[in-house]
Number of protein chains: 2
Amino acid sequence: MNEAQTRQATLANPPAHDRVYRGMRLQIMHGELLPGQALTLRGIGKQFGVSMTPAREALRRLTAEGALTLSASGRVATPELSNDRIEELAQIRALLEPELASRALRRAHLALIDRMESINEANARAIRLQNPVEYIRTNLEFHRTLYLRAQSPAILGLLETVWLQLGPTMRALYTRLRRTTAPPHHRLILEALRAGDDAALRLALRTDVTQGLRHLQG
Amino acid sequence: MNEAQTRQATLANPPAHDRVYRGMRLQIMHGELLPGQALTLRGIGKQFGVSMTPAREALRRLTAEGALTLSASGRVATPELSNDRIEELAQIRALLEPELASRALRRAHLALIDRMESINEANARAIRLQNPVEYIRTNLEFHRTLYLRAQSPAILGLLETVWLQLGPTMRALYTRLRRTTAPPHHRLILEALRAGDDAALRLALRTDVTQGLRHLQG
DNA sequence: TCTGTGGATTTGTGATCACATTTGTCCATG
DNA sequence: CATGGACAAATGTGATCACAAATCCACAGA
């Protein structure tokens with residue numbers, strides 16, 4: 001019938017628990033939180049101006065996606081990943097991302113490549129400015145821009161949960177080894193896209209993914 | 001007014017929301033619910049003898065894993081997957097499961113293969129008895145028994161969420177085409193395991209996964 | 001037979017509270 | 001200086017309630 005969203009004056013259309021979820025999700029994926037950071041229901045609730053109930057639902061949702069870990073006493077915190085687990089998550093990325101890139105290749109037109117190019121420049125800028133959050137954000141946006149063309153929401157959705165799990169760890173990685181040069185494989189990815197070379201594209205993504213996380217081992 | 005909180009202090013029992021989650025999860029993964037089945041918080045609460053709060057947390061968790069879909073009005077139901085989505089999920093299985101099998105191959109000893117053999121016989125029995133839930137259950141157990149040896153909890157966890165999403169659909173598939181013979185690829189999997197042939201094992205799993213879901217298309 | 005319209009019922013959402021348990025702090029004791 | 005125990009604060013859990021929106025259903029009108 002009437003599609004008018006005449007919600008209560010206090011809040012906008014999206015439910016409170018969804019706003020909390022989205023906000024926390026961005027913070028985690030972009031590496032704004034360090035590994036092992038503890039979170040409380042009342043604290044999150046206060047931060048977003050809601051009660052415990054929506055905060056609880058948001059955190060439950062995030063723990064279900066692996067973005068947060070649940071201690072035995074029910075306390076939530078950002079995960080501190082073991083080396084084995086990092087290797088597993090990197091392997092998942094190495095399996096899914098070449099597939100998504102290959103699916104996107106057929107649909108990739110010039111405007112898309114240009115957009116990725118400009119995102120890559122923003123990424124290089126973030127490195128110059130030593131801004132970890134912006135570096136992670138633009139790096140993920142570079143990949144996501146390509147994968148959105150794959151028209152494969154299920155695979156992309158699963159991949160994003162993997163990124164979520166790696167968020168705090170990637171932040172810790174960045175601050176530990178302060179990189180000064182842009183990731184070299186982004187150029188290879190763009191070249192393979194322009195050439196329409198499927199094999200080269202898959203290889204470039206596999207190396208970009210595994211290389212970036214190999215530094216964390218040890 | 002329920003004055004009997006009856007928390008049974010110091011009795012190490014899982015929280016209510018966790019019990020609800022596990023129960024619903026099994027029902028979904030084993031195909032006890034058909035696609036499109038609607039669920040209500042109060043209904044689930046009554047079914048498990050708890051209030052709305054734990055039921056809400058359990059359903060939120062399951063929707064986060066893709067086991068349930070959330071309508072615009074906030075109602076939850078088992079997913080009705082499109083053909084495209086089924087193809088995507090099958091592709092994910094085709095990528096992850098050969099990898100898990102390969103990792104398990106090095107650690108697979110004779111007792112494991114024997115156990116898989118007996119599970120496979122239970123699977124064939126379920127087919128003879130035309131029992132869809134038991135068929136799905138033993139089929140998943142066959143795969144999981146192998147993958148547990150891979151010692152890769154992150155990959156296996158991700159894969160299980162894919163199985164979850166396919167649960168109701170696999171049930172619908174089964175009742176639609178009433179299979180009468182056991183899946184032929186399980187034998188190939190067992191043979192490749194005995195021979196220690198990595199390439200053959202990967203291939204057997206890829207075909208087992210894609211073949212089983214190809215029937216659903218159209 | 002079909003349609004839409006009104007009200008009654010069902011349902012999800014968010015706040016609040018009681019309670020058991022965990023965690024933190026401080027001080028006495030060895 | 002280290003250790004442990006008692007007390008206080010903090011925290012997750014689950015029940016309950018009010019409320020608005022969505023859904024359902026009977027019934028009148030075309």
Side-chain angles (χ1 to χ4, degrees), chain A residues 1-25 33 36-65 67-80, chain B residues 1-25 33 36-65 67-80:
Chain A
M1 283 290 185
N2 195 348
E3 302 289 346
Q5 289 99 340
T6 52
R7 274 287 173 112
Q8 204 169 350
T10 52
L11 293 180
N13 316 345
H17 65 84
D18 208 56
R19 286 193 1 256
V20 177
Y21 166 76
R22 267 194 270 269
M24 292 304 302
R25 181 185 147 100
L33 275 52
Q37 194 108 157
L39 302 174
T40 67
L41 294 182
R42 291 171 177 84
I44 298 296
K46 188 167 294 181
Q47 181 180 338
F48 288 86
V50 298
S51 80
M52 289 168 56
T53 310
R56 210 196 311 197
E57 294 188 62
L59 293 192
R60 188 73 65 193
R61 196 170 159 191
L62 287 164
T63 57
E65 293 178 350
L68 298 171
T69 60
L70 199 61
S71 83
S73 67
R75 248 116 166 166
V76 292
T78 51
E80 302 182 89
Chain B
M1 219 64 77
N2 189 1
E3 93 290 343
Q5 201 105 2
T6 60
R7 185 80 170 106
Q8 241 79 339
T10 69
L11 213 66
N13 53 348
H17 65 83
D18 209 54
R19 287 192 358 254
V20 177
Y21 166 77
R22 267 195 269 268
M24 292 303 303
R25 182 184 147 98
L33 275 53
Q37 194 109 150
L39 303 174
T40 66
L41 295 181
R42 291 170 177 84
I44 298 296
K46 188 166 295 183
Q47 180 180 339
F48 287 85
V50 298
S51 80
M52 290 169 54
T53 310
R56 211 196 311 199
E57 295 187 61
L59 294 192
R60 188 73 65 193
R61 198 170 159 192
L62 287 165
T63 57
E65 293 177 349
L68 298 171
T69 61
L70 199 62
S71 83
S73 66
R75 263 148 153 128
V76 292
T78 50
E80 302 183 89

For this session: Can you tell me the distance, in whole Å, between the CD1 atom of A/Ile44 and the C1' atom of D/dA10?
Result: 15 Å
Problem set entry | Whole-Å distance separating the CE atom of A/Met52 from the P atom of D/dT16 | 17 Å
Problem set entry | Counterpart residues, side chain to side chain donor-acceptor pair (under 3.5 Å), relative to A/Arg22 (two or more places apart) | A/Asp18
For this session: Answer with base, sugar-phosphate or nothing: what part of the nucleic acid does B/Thr53 contact at a heavy-atom distance below 4.0 Å?
Result: base
Problem set entry | Distance, rounded to the nearest Å, where B/Leu70 contributes CG and C/dG12 contributes C1' | 10 Å
Problem set entry | Spacing between A/Glu57 atom CD and C/dA15 atom C1', to the nearest angstrom | 12 Å
Exercise. Separation of A/Tyr21 atom OH from C/dT13 atom P, in whole Å?
Worked result: 15 Å
Exercise. Any idea which heavy atoms bring A/Pro14 and A/Arg19 closest together, and the distance?
Worked result: CG-CG, 4.1 Å
For this session: Please examine the side chains of A/His17 and A/Arg56, heavy atoms only from C-beta on, and report whether any two atoms are closer than 4.5 Å.
Result: no
Exercise. Using the C1' atoms of the five pairs at each end, what is the angle between the end axes of the helix from C/dT1-D/dA30 to C/dG30-D/dC1, to 10°?
Worked result: 30°
Exercise. What are the two closest non-hydrogen atoms of A/Val20 and A/Ala55, and how far apart are they?
Worked result: CG1-CA, 4.4 Å
Exercise. Closer than 4.0 Å, any side-chain N/O of A/Arg60 to the OP1 or OP2 of D/dT13?
Worked result: yes
For this session: Answer yes or no: is there a side-chain heavy-atom contact under 4.5 Å between B/Met52 and B/Arg42?
Result: yes
Exercise. If each of A/His17 and A/Ser71 is mapped to the nucleotide of DNA chain C with the nearest heavy atom, which maps nearer the 5' terminus, i.e. the 5' end?
Worked result: A/His17
Problem set entry | Phosphate OP1/OP2 of C/dA15: any A/Ser51 side-chain N/O under 4.0 Å | yes
Seminar exercise, completed: Smallest heavy-atom separation, A/Ala64 atom then B/Ala64 atom, equals CB-CB, 3.8 Å
Problem set entry | Spacing of A/Arg75 atom CZ relative to D/dT13 atom P, expressed in whole Å | 10 Å
Problem set entry | Value in whole Å for how far the P atom of D/dT11 lies from CG of A/Leu39 | 11 Å
Seminar exercise, completed: Separation of D/dT13 atom P from B/Asp18 atom CG, nearest Å, is 10 Å
For this session: Test side-chain contact (heavy atoms from CB on, under 4.5 Å) on A/Met24 and A/Leu62 and set out the steps.
Result: CA-CA 8 Å; A/Met24 292 304 302; A/Leu62 287 164; 3.5 Å; yes
For this session: Could you tell me whether the side chain of A/Arg56 has a donor or acceptor atom within less than 3.5 Å of a complementary atom in the base of D/dG12?
Result: no
Problem set entry | Side-chain donor/acceptor of B/Ser73 to base of D/dA21, under 3.5 Å | no
For this session: Give a yes/no answer on whether the side chain of A/Arg42 brings an N or O atom under 4.0 Å of OP1 or OP2 in C/dA15.
Result: no
